[in-house]
Amino acid sequence: MTESGNGFFATRGVSIDVARVHKTYKTAAEEVHAVRDLDWKVEPGQALAIIGPSGCGKTTLLNLLGGMDRPSGGRIVVDGEELGQASERALERYRLLKVGFVFQFFNLIPTLTASENLELPMMVAGMDPWKRTQRSARLLEMVGLGAKGPKRPEQLSGGEQQRVAVALALANDPSLILADEPTGNLDSTTTEVIATLLVSLAAQHGKTVIMSSHDPKAVGCFPSVHPMRDGVFTAP
């Protein structure tokens, strides 16, 4: 990874163009229309929040943007690359290097320390061991956990685990951060800390950040909020 600019984050945010995208899941009993003919444009370096109740389609949309699922129809273009037409190998590389994911349940490996959790995706990306050690330490410092590197997840509070999860999302210097209900299990004070940290990744480091939530308080610091219901964006 080449460091430039602020000396730590080399990549900038991505542009996203969603055109008439829909996603349908078929079950034995019915078809579920999770996303319906959605059009959306996101500029590089924006911080946006999607708010809506459970089942409204926000997680499906983040999965589509993250290359974890393919649309049933329409086009998703991220920095000129159409995700629906990409090969599985290309999507694997996209998820490893271009996208950072933050989930509600932290997704930390319990047998690894905080530092080791951060270093794992760097190792998969082929980063040199000394760079992994240096970068994981700096990421933990950035999220206010510089002394917690040797701790395993069970030795950290829920808020601390989620801050490690945010640092983990930044391990390979991605351009796009997707956070799916990252504050769902946190108290109101920690919710504000995590949401503010995510917004700062766009404001201070130029990342494109998209967070989903059902909680109006969680999205309060985001400059742009998109209500969602029944697979489409609705008026604020």
Side-chain angles (χ1 to χ4, degrees), residues 1-2 4-5 9-26 31-52 56-103 121 124-125 169-182 198-199 201-213 219 222-236:
M1 183 184 302
T2 302
S4 62
F9 292 119
T11 64
R12 309 295 286 176
V14 296
S15 62
I16 300 172
D17 189 353
V18 176
R20 298 194 65 79
V21 164
H22 64 273
K23 181 64 182 180
T24 302
Y25 297 101
K26 295 183 179 181
E31 287 188 346
V32 178
H33 300 281
V35 174
R36 303 169 182 261
D37 291 330
L38 194 66
D39 293 301
W40 198 31
K41 291 185 182 293
V42 178
E43 298 299 323
Q46 280 191 288
L48 308 103
I50 304 169
I51 188 167
C56 73
K58 55 189 187 296
T59 293
T60 297
L61 178 57
L62 291 191
N63 287 343
L64 294 171
L65 297 177
M68 293 191 289
D69 204 352
R70 295 178 187 266
S72 302
R75 301 170 70 246
I76 299 175
V77 180
V78 179
D79 269 2
E81 179 181 6
E82 186 176 348
L83 299 186
Q85 300 299 316
S87 67
E88 287 300 322
R89 186 177 182 85
L91 287 177
E92 287 176 6
R93 186 165 182 81
Y94 170 77
R95 292 191 296 264
L96 177 65
L97 299 178
K98 187 163 277 190
V99 186
F101 297 96
V102 186
F103 300 100
V124 174
L170 296 168
N172 286 329
D173 192 18
S175 306
L176 173 62
I177 307 297
L178 299 175
D180 188 16
E181 295 277 6
L198 289 168
V199 171
L201 297 177
Q204 299 177 20
H205 305 296
K207 305 296 184 183
T208 300
V209 179
I210 303 175
M211 184 183 86
S212 74
S213 180
V219 304
F222 276 76
S224 181
V225 179
H226 298 260
M228 193 174 200
R229 185 174 292 274
D230 298 329
V232 297
F233 290 133
T234 60

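- Summarising the geometry, atom CG belonging to D17 is positioned 10.0 Å from atom CD1 belonging to I76; distances are rounded to the nearest 0.5 Å.
- A donor-acceptor contact closer than 3.5 angstrom is absent between the side chains of S213 and K58.
- Rounded to the nearest 0.5 angstrom, L62 CG and M68 CE are separated by 7.5 Å.
- Atom-to-atom distance recorded for L201:CG and L176:CG is 11.5 Å, nearest 0.5 angstrom.
- With hydrogens and angles ignored, the 3.5 Å screen pairs no side-chain donor or acceptor of T60 with any backbone N or O of V35.
- In this structure a side-chain-to-backbone donor-acceptor pair under 3.5 Å is missing from N172 to L97.
- The backbone N or O of E181 sits less than 3.5 Å from a side-chain atom of S212, completing a donor-acceptor pair.
- With sequence neighbours left out, R70 forms a side-chain hydrogen bond (donor to acceptor under 3.5 Å, both in side chains) with E88.
- Judged by distance alone, the side chain of D173 and the main-chain N or O of T11 form a donor-acceptor pair under 3.5 Å.
- One finds the OG atom of S175 at 11.5 Å from the CZ atom of F9 (value rounded to the nearest 0.5 Å).
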Next item on the list: Would you sort out whether H33 and T24 count as a side chain to side chain donor-acceptor pair (under 3.5 Å), showing the intermediate values?
Entry: CA-CA 5 Å; H33 300 281; T24 302; 3.2 Å; yes

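- Side-chain N/O atoms of S224 and H226 include a donor and acceptor closer than 3.5 Å.
- Between the side chain of R12 and the main chain of H205, a donor-acceptor pair closer than 3.5 Å is present.
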